[in-house]
2 protein chains.
Amino acid sequence: MDTTLSIAKRLEALGNPTRLSIYRALVRAGDGGLTVGALQERIRIPASTLSHHLRALVGVALVTQERQGTTLICRANYPVMNGLVVSAVSIPPSSP
Amino acid sequence: MDTTLSIAKRLEALGNPTRLSIYRALVRAGDGGLTVGALQERIRIPASTLSHHLRALVGVALVTQERQGTTLICRANYPVMNGLVVSAVSIPPSSP
DNA sequence: ACGGTATTTCCAGAAATATCGAATGATTGG
DNA sequence: CCAATCATTCGATATTTCTGGAAATACCGT
């Protein structure tokens, strides 16, 4: 019903260069994913900033997280991205 | 070279609910496109606000404009959107 | 040139985002 | 329990984005 909104939220999440870099790093990492620490080494931004961006990506389900002891593993959520792509490309029926 | 950036810019442009509505209205309109005025009737926002959003979409080439007398016809730029989708889905090689 | 319609630019205020150091919380191994 | 490591939250600032009324501009027909 609010398709447009959830699509926009995901696009907005990916629309920040830093967050897009994070997402792409996770795509590159594949199914193994990356810990927040590993991500920090690659992206090279302060931990707090990274944490905020990760929260945004997780909030729209583009990224999932799994605890493993003291570390957190982050993974790109492919099905959600595929759905987003389909939604973005397909011709919308009408409304908003 | 700045792939990530230009992708991010386009995603950001579509990441605003109002702009996404505008873009979708243009997709619905098809090859005929819509004048700015027609767009305003559908989206129902002040002309100046609409103009700002259109400028953003045109600025990243997701929308094209063609003058026709006193009116401006806006059209969704499909090739750019297709390119964006491909970029977003394909696994990036490395770097930022 | 004038009047009218279509659209953009100017301006400004409100709201949202991005950033990051410092403090805090969580979890495990010893 | 303590120390250590990994990560998040707090607090504060700087920057950007969004919004829309008013004024300006563009283009046509007469």
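A note on names: the letters A, B, ... follow the listed sequences, proteins ahead of strands, and every chain is numbered from 1.
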Which whole-number value in Å describes the distance from A:Leu34 CG to D:dA7 C1'?
15 Å
Under 4.0 angstrom between A:Thr49 side-chain N/O and C:dC20 OP1 or OP2
yes
For B:Leu26 and B:Cys74 the tightest heavy-atom approach is CD2-O, 3.5 Å
Round to a whole Å and report the spacing from CG of B:Leu57 to P of C:dT7.
16 Å
What's B:Gln68 touching, base or sugar-phosphate or nothing? Going by heavy atoms closer than 4.0 Å.
nothing
Of the listed nucleotides D:dA7, C:dC20, C:dT17, the one nearest the side chain of A:Thr35:
D:dA7
Answer yes or no: does a side-chain N or O of B:Ser51 lie under 4.0 Å from OP1 or OP2 of C:dT8?
yes
Counting just side-chain N and O atoms, does A:Arg19 come under 4.0 Å of either OP1 or OP2 of C:dA18?
yes
Would one find more than 12 heavy atoms of other residues, nucleotides or ligands at under 6.0 Å from atom CZ of B:Arg67?
yes
Return the nearest nucleotide to the side chain of A:Arg55; candidates are C:dT19, D:dT9, D:dT8.
D:dT9
Please confirm whether the shortest side-chain N or O distance from B:His53 to OP1 or OP2 of D:dT17 is below 4.0 Å.
no
In whole angstrom, give the distance that lies between atom CD1 of A:Ile43 and atom P of C:dC20.
13 Å
Is A:Arg67 close enough to D:dC6 that one of its side-chain N or O atoms is under 4.0 Å from OP1 or OP2 there?
no
Drop me the distance from A:Leu34's CG to A:Glu41's CD, to the nearest 0.5 angstrom.
10.0 Å
Please report, rounded to the nearest Å, how far the C1' atom of D:dT9 is from the CG atom of A:Leu50.
14 Å
For A:Thr71, report the nucleic acid contact type (base, sugar-phosphate, nothing); a contact means any heavy atom under 4.0 Å.
sugar-phosphate
Phosphate-side-chain proximity, A:Asn16 and C:dT17, N/O vs OP1/OP2 below 4.0 Å:
no
If I take atom CD in residue A:Gln40 and atom C1' in nucleotide C:dC20, what distance separates them, rounded to the nearest angstrom?
12 Å
Whole-Å distance between C:dT8 P and B:Leu54 CG?
7 Å
From the options D:dA7, D:dG21, C:dT8, select the nucleotide whose nearest atom is closest to the side chain of B:Ala47.
C:dT8
Which is more 5' along DNA chain D, the nucleotide nearest A:Ile73 or the one nearest B:Ile45? Just name the residue.
A:Ile73
Output the rounded distance in Å from CD1 (A:Ile22) to C1' (C:dT19).
13 Å
For residues B:Val60 and B:Arg10, report the shortest heavy-atom separation together with the two atoms involved.
O-NE, 2.7 Å
Which atom of A:Arg19 lies closest to which atom of A:Glu12, heavy atoms considered
NH2-O, 3.4 Å
Using heavy atoms to find the nearest nucleotide of DNA chain C for A:His52 and A:Thr70 separately, return the residue whose nucleotide is more 5′.
A:His52
